[in-house]
Amino acid sequence: MPDQPMSRRERGLWILLGVLWLGAVGFGGAKLWSYKTTPGAAAPGQTVWPAASRIPRDGTRPTLVMMAHPQCVCTRASIGELENLVRRVRGRMAARVVFVVPRSAARSWTESDTWRTVQNTPGVTSWIDEGGREAARFGAQTSGQVFLYAADGRLLFSGGITPLRGHLGDSAGQERIVSLLTTGRAEGSTSRVFGCALGPV
Amino acid sequence: MEMDLGEDLAAREGKITARAGELFAEQRRRVFVRVDRMFMGLMAGQWIFGILVAFFFSPYAWEGKERTVHPHVWIAVLLGGALSLFPMLLAWKRPGWIVTRHVIAISQMLWSALLIHLSGGRIETHFHVFGSLAFLAFYLDWPVLVTASAVVVVDHLTRGLFWPESVYGITNPESWRFLEHAFWVVFEDTFLAMACFNGVRDMRRSAQRQAEVEGLRESDELKTFALEMALAEARA
């Protein structure tokens, strides 16, 4: 099955195009990878539940707080993984999602598909944080930032629960929270956070 | 006289074998060209699909109130374009060339990775990997499956080494986790490769039968011609 004959010049041209193609694909792939793996600013979190916070803390079990930007598409993955986490720990924690919105934000801006998903997620309650006051109290800067506080108000964990930016899947953060809630121990108490910047609002 | 008959038979057999080889090569090339053309359309379709996914699902990135075009949109347009255009050019200008189908195999598997990222890691998008391997089996050329699977292996090994969380969801995966993922690709490859071998064998048999039929027809035509000549001589 002989191929069509090819001159040396044509062969050289194909080799050159092939090298350029590999270079372009490699460059684009590196850019994509860099975007997916660059975390947002992580908040160490307040070591105890902020006294000024208006978000209700459960006094009988740990409370998880996730800070979310309603329009951030990366946060869909964080919310998806939160649903998964709530299912896995079966009532061992209370979960709150705090949507950080500008004061003048229109209702349609706040009530995004992410917001609607949270409304339909059993075991999760949502909170609107106009002007980002609660985010500032907790020290959160990135959408998808999660804090887990013990029933007595001590910070147990601070970080994200997705493996990459805007990417569903098991993650070190989620495994650590599950381990803390089921065994009381975990490999670490932080993880990378992937999401849009919450501010300025 | 017996010598002549033996030589005749051997020459006929040789002719039929050579013709069967030609027919097999022609048919194989037709398959390669047809599948190259199919992938040319698929590459264009995937590019458009990738852009639409990025445009509808992640149009903007946000910093508080400020929005910018989401990097997924640029990646879908530029990286998607790079992934599709070179294989499309090869399929257009050099259909049937061995390099064309191996470049298509590499590009198709990279498309799986890109679509997985554009869809935010949805588990359903991972089916694209297995669908692509099945499409590549249309070539009936098992080395193409090896090239495609090698892309998956290199991707898993590299990410497993530098960012294991992105593949396995944990930072210190057990060594067998790689084998678990590889198993499913090898599982599919094994059956697709068998289908390729069977397809090629059937193609070879069909070419052999066609060559034999052509040989018989030729000898019948010769006999008819000889009879007509003899009749014409007798009449004269």
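Below, each value reflects all heavy atoms present in this structure, side chains not excepted, and no hydrogens, waters or symmetry copies. Note on naming: letters A, B, ... go to the chains in the order of the sequence lines (proteins, then strands), and numbering restarts at 1 for each one.
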Checklist line | Pairs of heavy atoms under 4.5 Å with chain B: top-ranked of A/C74, A/A24, A/P200 | finding: A/P200
Note to self: I need the residue from A/D170, A/V100, A/T162 with the largest number of non-hydrogen atom pairs under 4.5 Å to chain B.
What the structure shows: A/D170
Count the heavy atoms belonging to other residues, nucleotides or ligands that lie under 6.0 Å from [atom1] of [X], then report whether that count exceeds 12.
| X | atom1 | value |
| --- | --- | --- |
| B/F178 | CZ | yes |
| B/F135 | CZ | no |
| A/R61 | CZ | yes |
| A/R88 | CZ | yes |
| B/E22 | CD | yes |
| B/R122 | CZ | no |
| B/R37 | CZ | yes |

Margin query: side-chain contact (heavy atoms from CB on, under 4.5 Å), that's the test. Do A/W21 and B/L90 meet it? Break it down for me.
Written below: CA-CA 12 Å; A/W21 177 67; B/L90 276 167; over 6 Å; no
For [X], is it the side chain, the backbone, both or neither that has a heavy atom under 4.5 Å from a heavy atom of chain B?
| X | value |
| --- | --- |
| A/E175 | side chain |
| A/S104 | neither |
| A/H167 | both |
| A/W14 | both |
| A/R165 | neither |
| A/L17 | both |
| A/E10 | side chain |

Within this structure, what is the [atom1]-[atom2] distance for the pair [X] and [Y], rounded to the nearest 0.5 Å?
| X | Y | atom1 | atom2 | value |
| --- | --- | --- | --- | --- |
| A/S143 | B/E63 | OG | CD | 12.0 Å |
| A/H69 | B/W62 | NE2 | CH2 | 6.0 Å |
| B/K65 | A/W109 | NZ | CH2 | 9.0 Å |

Atom pairs and distances, side-chain donor-acceptor, residues 71-79 of chain B, under 3.5 Å, sequence neighbours left out:
unit_1, atom_1, unit_2, atom_2, d
B/H72, ND1, B/S58, OG, 3.1

Next item on the list: Over 60° means perpendicular and under 30° means parallel, so classify the ring planes of A/W33 and B/H117, tilted if in between.
Entry: perpendicular
Next item on the list: Begin with the C-alpha distance, continue with both residues' side-chain angles, and end with the deciding distance and a verdict on side-chain contact (heavy atoms from CB on, under 4.5 Å) for A/L168 and B/I123.
Entry: CA-CA 8 Å; A/L168 290 162; B/I123 196 80; over 6 Å; no
Next item on the list: Measure across A/M6 and B/W97 and return the closest heavy-atom pair with its distance rounded to 0.1 Å.
Entry: CE-CZ2, 3.4 Å
Answer with side chain, backbone, both or neither: which region of [X] has an atom nearer than 4.5 Å to a non-hydrogen atom of chain A?
| X | value |
| --- | --- |
| B/Y60 | backbone |
| B/V99 | neither |
| B/L85 | neither |

Next item on the list: With a 4.5 Å cut-off on heavy-atom pairs, point out which of B/E66, B/K93, B/R159 contacts chain A the most.
Entry: B/R159
Notebook entry, point to check: Hey, does the Lys NZ or Arg CZ of A/R192 hover above the aromatic six-ring of B/W163, less than 6.0 Å from the centre and inside 45° of the axis?
Noted result: yes
